[in-house]
Amino acid sequence: MGFNLLNIGKYALNVLLPRSCAHCGLDLHYLETAPLCPACAAGLEPLPELHCGICGLPLDDGGGACRDCRGGARRALDLARSAFVFNPQLRSLVHAFKYKARDDLAGFLAGEMAAVLARFPELAPYNFAVGVPLHPARRRERGFNQAELLAAGLAARANLFHLEGAAARTRNTPSQTTLTKTERKTNMAEAFRAVKPELIRGRNILLVDDVATTLATLDELASELKKAGAKSVAAYTLAREP
Ligand SMILES: [Zn+2]
Ligand SMILES: [Zn+2]
């Protein structure tokens, strides 16, 4: 590593504002660009090779599709994939990104998503990225929409078109985290609207979000975009909560 001006700058910045690992809190080396220390970064778990061919759910055994998808679950969402499994290291990153308003993490996380995207050639036809919209009241509270930042960063790195503001969240739905699967579906009903259908019509849309759990949110948005004329809708999220 050369003793150059940039490194001196990084060193000085680190003395003034020491950075720490988003997961374990260990001080980061001043040349470290990732928000995690090397040990925690190594703990990130890519989506396992064995996952549902439709919804991307990690599977314990073979079979091609998960039980829900084999049972013919009707979804507007055609495909879903994730870069990582939602494990403790990833939870810390997402928490820092969303709740400590570390929007500087967007570039790193979008870069990781872009690097993993090539693993999923089935997503190649989906070249119009749409971030899952936040309700304006939530967006004001947080200061940014994490999904929109990921969509913008991913689009720039993976040569996709970012359709900003193509859809909007029309209902400020309660948080999904305490709800059952069925309640989540009801909770999301009519939560979205395609505000710029001309951007959607006839296109293969890639929905981008941070964490996918039951796919209820993504499916509701996909259904709205299909009503607006989308040809096909897939989702690509940073993480999947099994
Ligand atoms: Zn760490
Ligand atoms: Zn499935």
Side-chain angles (χ1 to χ4, degrees), residues 10 14 17-100 102 104-105 107-109 111-112 116 119-123 125-126 132 176 180-182 184-185 188 205-209 211-223 226 232-242:
K10 284 183 184 169
N14 195 63
L17 296 165
R19 294 162 60 245
S20 55
C21 172
H23 184 57
C24 72
L26 203 79
D27 281 346
L28 294 177
H29 187 269
Y30 75 97
L31 289 177
E32 183 60 69
T33 50
L36 294 174
C37 72
C40 292
L44 291 174
E45 274 174 68
L47 188 72
E49 224 28 81
L50 218 51
H51 56 258
C52 173
I54 300 167
C55 75
L57 187 76
L59 299 175
D60 296 327
D61 47 42
C66 73
R67 194 188 304 181
D68 277 6
C69 292
R70 275 204 311 268
R74 296 290 304 158
R75 287 195 204 97
L77 190 65
D78 295 291
L79 271 180
R81 294 291 184 268
S82 309
F84 299 100
V85 174
F86 193 59
N87 73 358
Q89 285 83 349
L90 209 107
R91 179 187 297 269
S92 300
L93 278 179
V94 169
H95 199 270
F97 180 34
K98 280 164 77 166
Y99 304 111
K100 295 184 194 162
R102 289 270 313 270
D104 60 303
L105 287 179
F108 171 80
L109 297 174
E112 294 294 305
V116 176
R119 256 192 83 186
F120 309 116
E122 60 274 32
L123 291 182
Y126 296 88
V132 173
Q176 298 272 76
T180 66
K181 214 170 178 175
T182 320
R184 287 182 186 214
K185 247 194 153 69
M188 290 317 296
I205 306 292
L206 186 66
L207 302 179
V208 179
D209 207 355
V211 184
T213 309
T214 64
L215 304 185
T217 307
L218 291 162
D219 193 45
E220 183 58 32
L221 178 54
S223 146
K226 281 200 166 163
S232 186
V233 183
Y236 183 46
T237 63
L238 172 67
R240 178 65 181 256
E241 192 169 19

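In each ligand, atom 1 is the first atom listed, and ligand 1 is the first ligand listed. Nothing here was measured: the structure is a model prediction, and the numbers come from that model.
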*asked:* I need the protein N, O or S atoms closer than 2.8 Å to the Zn ion (ligand 1), given as residue plus atom name.
replied: C21 SG, C24 SG, C37 SG, C40 SG
*Under a 4.5 Å cut-off applied to non-hydrogen side-chain atoms, are L238 and F97 in contact?*
no
*Excluding sequence neighbours, so at least two apart, what forms salt bridge (charged side-chain N to carboxylate O under 4.0 Å, His left out) with R119?*
E49
*Once you round to the nearest 0.5 Å, how far does CG of D219 lie from CZ of R75?*
6.5 Å
*For residues C55 and L215, determine if any side-chain heavy atom of one lies less than 4.5 Å from a side-chain heavy atom of the other.*
yes
*asked:* When you compare the side chain of L44 with that of L36, does any pair of heavy atoms fall below 4.5 Å?
replied: yes
*What's within reach of the Zn ion (ligand 2), meaning protein N/O/S atoms under 2.8 Å?*
C52 SG, C55 SG, C66 SG, C69 SG
*Are the side chain of D78 and the backbone N or O of A234 linked by a donor-acceptor pair below 3.5 Å?*
no
*In this structure, are over 12 heavy atoms from other groups packed under 6.0 Å from D60 atom CG?*
no
*Measure across A222 and V233 and return the closest heavy-atom pair with its distance rounded to 0.1 Å.*
CB-CG1, 3.7 Å
List the atom pairs, donor and acceptor, that lie under 3.5 Å between side-chain atoms in residues 81-91 and the rest of the protein, sequence neighbours left out.
unit_1	atom_1	unit_2	atom_2	d
R81	NE	E122	OE2	2.7
R81	NH1	G53	O	3.4
R81	NH1	I54	O	3.3
R81	NH2	G53	O	2.7
R81	NH2	E122	OE2	3.1
S82	OG	T237	OG1	2.9
N87	OD1	Q89	N	3.3
N87	OD1	L90	N	3.0
N87	ND2	G43	O	2.8
N87	ND2	E45	OE2	3.1
N87	ND2	Q89	OE1	3.4

